[in-house]
Amino acid sequence: MTVFIISAPSGSGKSTLVDELRRHVEGLDFSVSYTTRHPRGSEQNGREYFFVPRAEFEDMIGRDEFLEYAEVYGKDYYGTARRFLRAAEQNGHDLLLDIDVQGAAQIKQKIPDAATIFVLPPDRKTLEWRLRNRGSDSEEERRRRLDTARREIENYDKYDYILVNDRLEPSVDQLKAIVLSERLRHSGRALSAAEEATLATAERSRLKNMRDRVQPILDSFRDDNGQH
Ligand code: ADP
Ligand code: 5GP
């Protein structure tokens, strides 16, 4: 099985991409994280997250039920329950984790074969616009997420693949190619021409092939200290 980890600054469009991926790719389980934050908008307990009180989360830490957990935005706990990994293994499925930079680092230590993907917005202004457009966070919350984004994106080079979520459809195709290419590489069999093409598409998102594309995005976060 392959564990896929996807991280992104909040508002980059990661949830949108993951929803699309899950609709198009079979045999990919999604780990529903536990969190102490409150549900947002139409979020439902057990679907986007398991929303639990802090005391319950800390009990789970005590019982060693988490594969990893972290305090995100210095405010709320988020954690991946071990049971999702076990269940995916039993079902012969791959597992997709939507977790932050700290969680990704913890998993990569425990599961070095995990494939890690970092999603970036095209630039800072677009990120701010998407956060505002989503309309589910307060002004203060948005500000905190933008500040965190600036720090988080500095970690892009700890990831195997970089995906710039500019137009949605090509981004979904690219994400699909990454997942399928990891499966093909693990299959150990001879590949068809179409499968070789999928591998080549995925290679374009490899960290080493993305540095030039990433630089102006990093600059857009560094130049503008959130003022506008
Ligand atoms: P995240 O999960 O990274 O916090 P969301 O998936 O909630 O982000 O996306 C943030 C907002 O941006 C949503 O309103 C979403 O519809 C929109 N969005 C996502 N991807 C794109 C895209 N490629 N182009 C334009 N808008 C997008
Ligand atoms: P949000 O509050 O926007 O849903 O998520 C905030 C951040 O927490 C995102 O970066 C998301 O990837 C991260 N996150 C969600 N679940 C987990 C988890 O189980 N572990 C860790 N470490 N981070 C998580």
Side-chain angles (χ1 to χ4, degrees), residues 3-23 30-52 57 60-61 65-85 95-111 114 116-138 140-142 144-153 155-156 158-159 163-175 217:
V3 173
F4 293 95
I5 300 178
I6 187 162
S7 303
S10 182
S12 308
K14 183 182 50 183
S15 313
T16 310
L17 289 169
V18 166
D19 286 349
E20 289 295 314
L21 182 71
R22 292 172 69 196
R23 289 202 306 136
F30 180 72
S31 158
V32 179
S33 295
Y34 284 76
T35 182
T36 57
R37 85 151 161 76
H38 294 293
R40 212 162 49 204
S42 61
E43 286 179 337
Q44 281 175 25
N45 192 36
R47 194 176 65 182
E48 285 81 5
Y49 287 103
F50 293 103
F51 298 96
V52 294
F57 197 102
M60 289 181 72
I61 298 174
E65 289 185 29
F66 290 115
L67 191 59
E68 64 75 35
Y69 69 92
E71 240 176 322
V72 183
Y73 311 127
K75 195 168 152 262
D76 285 302
Y77 280 126
Y78 292 79
T80 307
R82 290 184 190 279
R83 67 186 158 86
F84 284 99
L85 185 67
L95 183 67
L96 179 65
L97 308 180
D98 166 350
I99 60 179
D100 82 329
V101 170
Q102 311 167 68
Q106 291 182 49
I107 302 278
K108 194 76 183 180
Q109 271 197 335
K110 291 181 183 162
I111 310 173
T116 56
I117 306 158
F118 197 77
V119 179
L120 282 169
D123 54 57
R124 196 197 69 90
K125 282 234 142 44
T126 308
L127 180 66
E128 186 165 8
W129 194 85
R130 284 182 190 166
L131 277 172
R132 200 177 293 279
N133 202 37
R134 185 166 70 183
S136 52
D137 307 298
S138 66
E140 186 202 343
E141 185 69 31
R142 267 206 305 276
R144 181 164 42 230
R145 283 166 190 269
L146 275 171
D147 282 347
T148 306
R150 196 173 307 131
R151 275 178 276 120
E152 277 179 337
I153 62 168
N155 292 291
Y156 79 95
K158 301 199 176 82
Y159 286 74
L163 185 63
V164 178
N165 181 21
D166 196 341
R167 288 194 308 120
L168 186 60
E169 213 175 302
S171 299
V172 172
D173 287 345
Q174 195 65 23
L175 185 55
I217 300 174

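All ligand and atom numbering here is 1-based and tracks the order in the structure.
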- Query: What atoms of ligand 1 come closer than 4.0 angstrom to any heavy atom of Ser10?
  - Reply: 4 (O)
- Note on the structure: Numbered in order shown, the ligand 1 atoms found under 4.0 Å of a heavy atom of Thr16 are 5 (P), 6 (O), 9 (O), 15 (C), 19 (C)
- Message: Heavy atoms only: which of Thr148, Ile99, Val18, Thr35 lies closest to atom 18 (C) of ligand 2?
- Response: Ile99
[X]: heavy atom below 4.0 Å from ligand 1, yes or no?
X	answer
Asn165	yes
Ser171	no
Asp98	no
Ala8	no

Nitrogen or oxygen atoms of [X] and ligand 2 under 3.5 Å apart:
X	value
Tyr69	no
Gly79	yes
Tyr78	yes
Asp100	yes

- Task: Report the C-alpha distance between Arg144 and Ser10 in whole Å, list the side-chain angles of each, state the deciding distance to 0.1 Å, and finish with yes or no for side chain to side chain contact (heavy atoms under 4.5 Å, CB included).
- Result: CA-CA 10 Å; Arg144 181 164 42 230; Ser10 182; over 6 Å; no
- Message: Under the side-chain contact (heavy atoms from CB on, under 4.5 Å) test against Ser31, which residue among Leu67, Thr80, Leu96 passes?
- Response: Thr80
- Item | side-chain contact (heavy atoms from CB on, under 4.5 Å) partner of Phe51, chosen from His38, Gln44, Arg37 | Arg37
- Taking every heavy atom of Thr36 against every heavy atom of Phe57, the minimum-distance pair comes out as CG2-CB, 3.8 Å
Out of all atoms in ligand 2, which are within 4.0 Å of some heavy atom of [X]? Include the element for each.
X	result
Ala70	22 (N)
Arg37	1 (P), 2 (O), 4 (O)
Gly103	22 (N)

For [atom], grab the closest protein heavy atom and report residue, atom and distance to one decimal in Å.
atom	result
atom 9 (C) of ligand 2	Lys14 NZ, 3.7 Å
atom 4 (O) of ligand 2	Tyr49 OH, 2.5 Å
atom 27 (C) of ligand 1	Arg130 NE, 3.6 Å
atom 7 (C) of ligand 2	Val72 CG1, 3.8 Å
atom 3 (O) of ligand 2	Arg145 NH1, 2.8 Å
atom 8 (O) of ligand 1	Gly13 N, 3.1 Å
atom 19 (O) of ligand 2	Ser33 OG, 2.7 Å
atom 10 (C) of ligand 1	Gly11 O, 3.7 Å
atom 20 (N) of ligand 2	Glu68 OE2, 2.7 Å
atom 7 (O) of ligand 1	Arg134 NH1, 3.0 Å

- Give the C-alpha distance, both sets of side-chain angles, the deciding distance and a yes or no for ring pair (Phe, Tyr, Trp, His ring centres under 6.0 Å) between Tyr69 and Tyr34. CA-CA 9 Å; Tyr69 69 92; Tyr34 284 76; over 10 Å; no
- Query: How does Glu48 reach ligand 2, by side chain, by backbone, by both or by neither, if only non-hydrogen atoms under 4.0 Å count?
  - Reply: neither
How long is the span from the [atom1] atom in [X] to the [atom2] atom in [Y], to the nearest 0.5 Å?
X	Y	atom1	atom2	value
Arg82	Met60	CZ	CE	10.5 Å
Phe66	Gln106	CZ	CD	11.5 Å
Ile107	Leu85	CD1	CG	8.0 Å
Leu163	Asp166	CG	CG	10.5 Å

Going by heavy atoms in the side chains, are [X] and [Y] under 4.5 Å from each other?
X	Y	answer
Ser12	Leu120	no
Leu97	Phe4	no
Phe118	Pro9	yes

- Ion pair Glu141/Arg145, N-O distance below 4.0 Å: yes
- Taking NZ, NE, NH1 and NH2 as the nitrogens, is one of them in Asp147 or Arg150 under 4.0 Å from a carboxylate oxygen of the other? yes
- Message: For Asp123 and Thr126, which I'm curious about, is there any donor-acceptor pair between the side chains at under 3.5 Å?
- Response: yes
- So, Asn165 versus Ser171: side-chain donor-acceptor pair below 3.5 Å or not? yes
- Given the rule in the side chain to side chain contact (heavy atoms under 4.5 Å, CB included) test, do Thr116 and Lys158 qualify, once you have shown the distances and angles that lead to the verdict? CA-CA 8 Å; Thr116 56; Lys158 301 199 176 82; over 6 Å; no
- Report yes if some N/O of Asn133 lies less than 3.5 Å from some N/O of ligand 1; otherwise report no. no
- Would you say Ser15 has any N or O atom under 3.5 Å from an N or O of ligand 1, going by distance alone? yes
- Non-hydrogen atoms of Gln102 versus ligand 2: any pair closer than 4.0 Å? no
- Item | ligand 1 versus Asp166: contacting region, heavy-atom distance under 4.0 Å | backbone
